[in-house]
Amino acid sequence: MMEIVFKDKTTLIIETELLEKLYSYVQVGSAPENGGVLLGKKDVESETYFVTDLSVPSSKDIKGRFSFIRNKDVAQKLIDQRWKDSDGIENYLGEWHTHPEMQPTPSSVDKKLINTIIEDKSNVFSKVFLIILGIDKSIYVGLANADISKKIIDFKIIKE
């Protein structure tokens with residue numbers, strides 16, 4: 001299990017089996033970027049978020065060596081189904097994707113995506129997470145808070 005605590009005391013918990021699922025997409029050689037959405041829930045009494053699943057890449061995604069654009073329709077169907085199956089408890093928590101670099105950092109496209117998610121106010125939770133997996137299995141985890149800013153306000157780099 002990975003527990004990440006941010007400066008504002010927001011906590012993100014990711015179970016080991018989901019980390020293994022994520023690690024299975026590390027870019028090797030000339031493989032393209034892959035990604036998807038983070039699904040999960042929030043503890044009602046604290047700022048603790050639990051990643052309960054992450055979507056796998058779709059054949060409808062657009063993948064390049066240095067780019068990834070997930071198919072919105074495929075992701076939205078999964079999000080809607082998870083919301084329904086969990087009786088309104090689990091929903092979209094954020095995005096994940098790979099980068100062909102060690103110690104990954106978000107690109108301007110990544111930052112713009114997070115800003116768009118916060119600005120359109122479609123997210124159930126005020127916090128949005130961004131996970132980027134590097135080729136050395138290091139993980140960038142960014143936190144954006146719609147109540148404070150339209151930008152990533154804190155991040156952690158985790159080494160396996």
Side-chain angles (χ1 to χ4, degrees), residues 1-27 33-57 61 68 70 72 75-76 78-99 101-160:
M1 177 181 81
M2 179 186 292
E3 182 175 319
I4 303 155
V5 180
F6 295 91
K7 289 180 211 167
D8 70 352
K9 306 296 186 224
T10 297
T11 301
L12 181 66
I13 296 176
I14 308 170
E15 293 299 328
T16 302
E17 67 268 9
L18 293 176
L19 288 170
E20 292 304 320
K21 188 176 179 179
L22 189 66
Y23 290 141
S24 73
Y25 290 100
V26 168
Q27 283 181 261
E33 288 189 11
N34 278 293
V37 295
L38 303 169
L39 300 166
K41 60 187 177 181
K42 179 187 179 297
D43 180 75
V44 294
E45 296 181 12
S46 70
E47 285 302 308
T48 300
Y49 293 79
F50 301 87
V51 177
T52 57
D53 203 359
L54 49 99
S55 69
V56 297
D61 297 333
F68 174 80
R70 86 172 150 70
K72 292 178 184 179
Q76 192 60 55
L78 179 63
I79 294 164
D80 293 345
Q81 190 63 50
R82 183 54 57 95
W83 178 255
K84 181 182 173 189
D85 292 348
S86 69
D87 293 324
I89 295 172
E90 295 182 22
N91 207 307
Y92 173 88
L93 285 182
E95 302 285 325
W96 77 269
H97 66 279
T98 61
H99 271 193
E101 62 183 334
M102 296 173 71
Q103 296 189 358
T105 57
S107 67
S108 60
V109 173
D110 298 334
K111 292 174 185 176
K112 184 177 178 183
L113 173 61
I114 295 304
N115 292 350
T116 300
I117 292 164
I118 287 176
E119 286 175 355
D120 74 13
K121 301 189 187 308
S122 62
N123 199 26
V124 171
F125 306 116
S126 63
K127 309 275 174 85
V128 176
F129 300 92
L130 172 63
I131 293 179
I132 305 172
L133 178 63
I135 59 174
D136 59 349
K137 291 191 176 181
S138 60
I139 301 175
Y140 168 97
V141 185
L143 166 67
N145 183 343
D147 295 334
I148 296 174
S149 173
K150 295 177 183 163
K151 298 178 182 175
I152 294 171
I153 59 167
D154 194 9
F155 70 91
K156 304 282 183 185
I157 300 287
I158 313 296
K159 294 283 269 176
E160 183 187 39

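The chain is numbered in sequence order, starting from 1.
Aromatic rings from Trp96 and Tyr25 are positioned such that their centres are separated by under 6.0 Å.
In summary, of the residues considered (Leu143, Leu93, Leu113, Asn123), a side chain to side chain contact (heavy atoms under 4.5 Å, CB included) with Val128 occurs for Asn123 alone.
With values rounded to the nearest 0.5 angstrom, Ile131 atom CD1 is found 6.0 Å from Leu12 atom CG. The distance from atom NE2 of His97 to atom CG of Leu133, rounded to the nearest 0.5 Å, is 10.0 Å. Rounding to the nearest 0.5 Å places CD of Glu20 at 10.0 Å from CG of Leu18. Considering CD1 of Ile157 and OG of Ser138, their distance stands at 6.5 Å, rounded to 0.5 Å. Considering CG of Leu78 and CZ of Arg82, their distance stands at 6.5 Å, rounded to 0.5 Å. A distance of 11.0 Å separates CG in Asp110 from CZ in Phe68, rounded to the nearest 0.5 Å.
Other residues, nucleotides and ligands place more than 12 heavy atoms under 6.0 Å from the CZ atom of Phe50. More than 12 heavy atoms of other shown residues, nucleotides or ligands fall within 6.0 angstrom of atom NZ in Lys159.
For Thr105 against His99, the heavy-atom pair with the smallest separation is O-CE1, 3.0 Å. Taking all atoms of both residues into account, the shortest heavy-atom contact from Val37 to Ala75 is CG1-CB, 4.0 Å. Contact detail for Gly35 and Asp61: the closest heavy-atom pair is O-OD2, 4.2 Å. Across all their heavy atoms, Thr16 and Met1 have their closest contact at OG1-N, 2.5 Å. Smallest separation of non-hydrogen atoms from Ile114 and Ala144: CG2-CB, 3.5 Å. Taking all atoms of both residues into account, the shortest heavy-atom contact from Lys151 to Asn115 is CA-OD1, 3.6 Å.
Using a cut-off of 4.0 Å between Lys/Arg side-chain N and Asp/Glu carboxylate O, Lys41 and Glu90 are scored as not salt-bridged.
Between Glu15 and Val51, every side-chain heavy-atom pair lies at or beyond the 4.5 Å cut-off. Residues Leu22 and Ile14 form no side-chain contact, since every pair of their non-hydrogen atoms from C-beta on lies 4.5 Å or further apart. Two residues are said to be in side-chain contact when any heavy atoms from C-beta on lie closer than 4.5 Å; Thr48 and Ile13 meet this criterion. For the pair Phe129 and Phe6, the minimum side-chain heavy-atom distance is below 4.5 Å. In this structure, the side chains of Pro106 and Leu130 come closer than 4.5 Å at one or more pairs of heavy atoms. A 4.5 Å side-chain heavy-atom check between Lys21 and Asp53 finds at least one atom pair inside the cut-off. The shortest side-chain heavy-atom distance between Thr11 and Ile4 does not fall under the 4.5 Å cut-off. For the pair Leu38 and Glu95, the minimum side-chain heavy-atom distance is 4.5 Å or more.
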- [ ] I would like to know whether Asp154 and Asp8 meet side chain to side chain contact (heavy atoms under 4.5 Å, CB included); could you show each step before the answer?
- [x] CA-CA 9 Å; Asp154 194 9; Asp8 70 352; 5.8 Å; no
Open item on the list: Quick one, Leu19 with Ile139, criterion side chain to side chain contact (heavy atoms under 4.5 Å, CB included). Give me CA distance, side-chain angles, the key distance, then yes/no.
Closed with: CA-CA 10 Å; Leu19 288 170; Ile139 301 175; 4.2 Å; yes
Task: Candidate pair Phe125 and Asn91, rule side chain to side chain contact (heavy atoms under 4.5 Å, CB included), full reasoning - done: CA-CA 8 Å; Phe125 306 116; Asn91 207 307; 3.9 Å; yes
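Remark: Lys137 qualifies as a cation-pi partner of Tyr23 under the 6.0 Å distance and 45° angle criteria applied to the six-membered ring.
At a cut-off of 3.5 Å, with distance as the only test, no side-chain donor of Thr98 or Glu33 sits close to an acceptor on the other residue. A side-chain donor-acceptor contact under 3.5 Å links Glu47 and Tyr49. A donor atom on one side chain and an acceptor atom on the other are found under 3.5 Å apart for Thr10 and Lys127.
Judged by distance alone, with hydrogens and angles left aside, the side-chain atoms of Asn34 form no donor-acceptor pair with the main-chain N or O of Pro57 at under 3.5 Å.
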